[in-house]
Amino acid sequence: MTTSRPAHADQPEHVRTTRAFYDAIAEDYAETFRDLSAAMPLDRALLAGFAELVGEGAPVADVGCGPGRVTGFLASRGLDVHGVDLSESMLAIARRENPGLRFEQGSMFALDLPDGSLAGLVSWYSTIHTPPEDLPAVYAEFRRVLAPGGHLLVAFQMGDEPRRHVHPWGHPVSLDFRRMRPEQVAELLEEAGFALVQRTVREPDARQGEPTPQASLIARVPGERQAS
Ligand SMILES: C[S@@+](CC[C@H](N)C(=O)[O-])C[C@H]1O[C@@H](n2cnc3c(N)ncnc32)[C@H](O)[C@@H]1O
């Protein structure tokens, strides 16, 4: 008799822990961070600028999309965007809250996308659970799926030490939220073959409960985009 193993059985321990964490907290997370509300005008401006840079109708992936609030916002700005996430519970919410958009289960370490198939990729606070030594593999994967002239946007909390979230909303799960320095991420992106376009640091917004400054980088794959 053969026994089938779940598809995620071969994933590294930190990926399995992250998936279990977000499966457990998905509904509470989605309720708390429901949309990119008017209270976050600077984040929305950054994402709207990214959408303009990439161009209307361009194929984009929101990797680590969670409940799909960024996916929905980018779709409202005219992008042909789909979401990818580890967590099936997050994906169920994303599909429920964004009818008509496509959301697929997958890992940023091995995206189910052909080489050079995207004009844009957004990682909005989704690399923050990846150990620093594994980030080069993730950025190489982002680089692989982006076409020449394609743009990457990564957002993350700025800092040095991780912050461990223990039993959020009372769920029996815990996870490290890692922080990075923008210059560290810029260096890794350049090593992966990206050219840096913009780096921004926003001060923490106490109304959103943010304990640290928030960083984002936009980087571009060298070359010109082919007209489709
Ligand atoms: C802090 S949440 C951010 C969600 C969403 N981008 C947002 O802003 O609401 C991090 C998300 O990244 C996903 N994630 C973490 N590691 C991932 C990986 N290796 N591949 C795909 N998704 C991942 C988690 O499942 C979670 O939904």
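Nothing fancy with the numbering, it's 1 onward along the sequence. Because the structure is a prediction, the values reported are computed rather than measured. In each ligand, atom 1 is the first atom listed, and ligand 1 is the first ligand listed.
- To the nearest 0.5 Å, atoms CD (Glu104) and CG (Leu113) are separated by 8.0 Å.
- Remark: ligand 1 atoms within the under-4.0 Å shell around heavy atoms of Gly106 are 20 (N), 21 (C).
- Those atoms of ligand 1 with a heavy atom of Ser126 less than 4.0 angstrom away are 12 (O), 15 (C), 16 (N).
- Within a 6.0 Å radius of CG in Asp115, more than 12 heavy atoms belonging to other residues, nucleotides or ligands are found.
- With respect to atom 1 (C) of ligand 1, the closest heavy atom belonging to the protein is Tyr22 OH, 3.2 Å.
- Ion pairing between a basic and an acidic side chain is recognised when a charged N comes within 4.0 Å of a carboxylate O; Asp160 and Arg179 show no such pairing.
- For atom 20 (N) of ligand 1, the closest non-hydrogen atom on the protein side is Met108 N, 3.0 Å.
- Near Arg69, the atoms of ligand 1 lying under 4.0 angstrom from a non-hydrogen atom of the residue are 7 (C), 8 (O), 9 (O).
- Considering only non-hydrogen protein atoms, atom 22 (N) of ligand 1 sits nearest to Leu86 N, 3.4 Å.
- Here Phe33 has no heavy atoms under 4.0 Å from ligand 1, in either its backbone or its side chain.
- Looking at Gly64, Ala26, Ala30, it is Gly64 that brings a heavy atom closest to atom 11 (C) of ligand 1.
- The backbone and the side chain of Trp124 each have at least one atom closer than 4.0 Å to an atom of ligand 1 (non-hydrogen atoms only).
- Proximity of Met90 to ligand 1, defined as any heavy-atom pair under 4.0 Å, is confined to the side chain (atoms from C-beta onward).
- In this structure, atom 3 (C) of ligand 1 lies nearest to the protein heavy atom Tyr29 OH, 3.3 Å.
- The Thr18 neighbourhood of ligand 1 comprises atoms 15 (C), 16 (N), with distances under 4.0 Å to a heavy atom of that residue.
- The distance from ligand 1 to the heavy atoms of Tyr125 drops below 4.0 Å at these ligand atoms: 1 (C), 2 (S), 3 (C), 10 (C).
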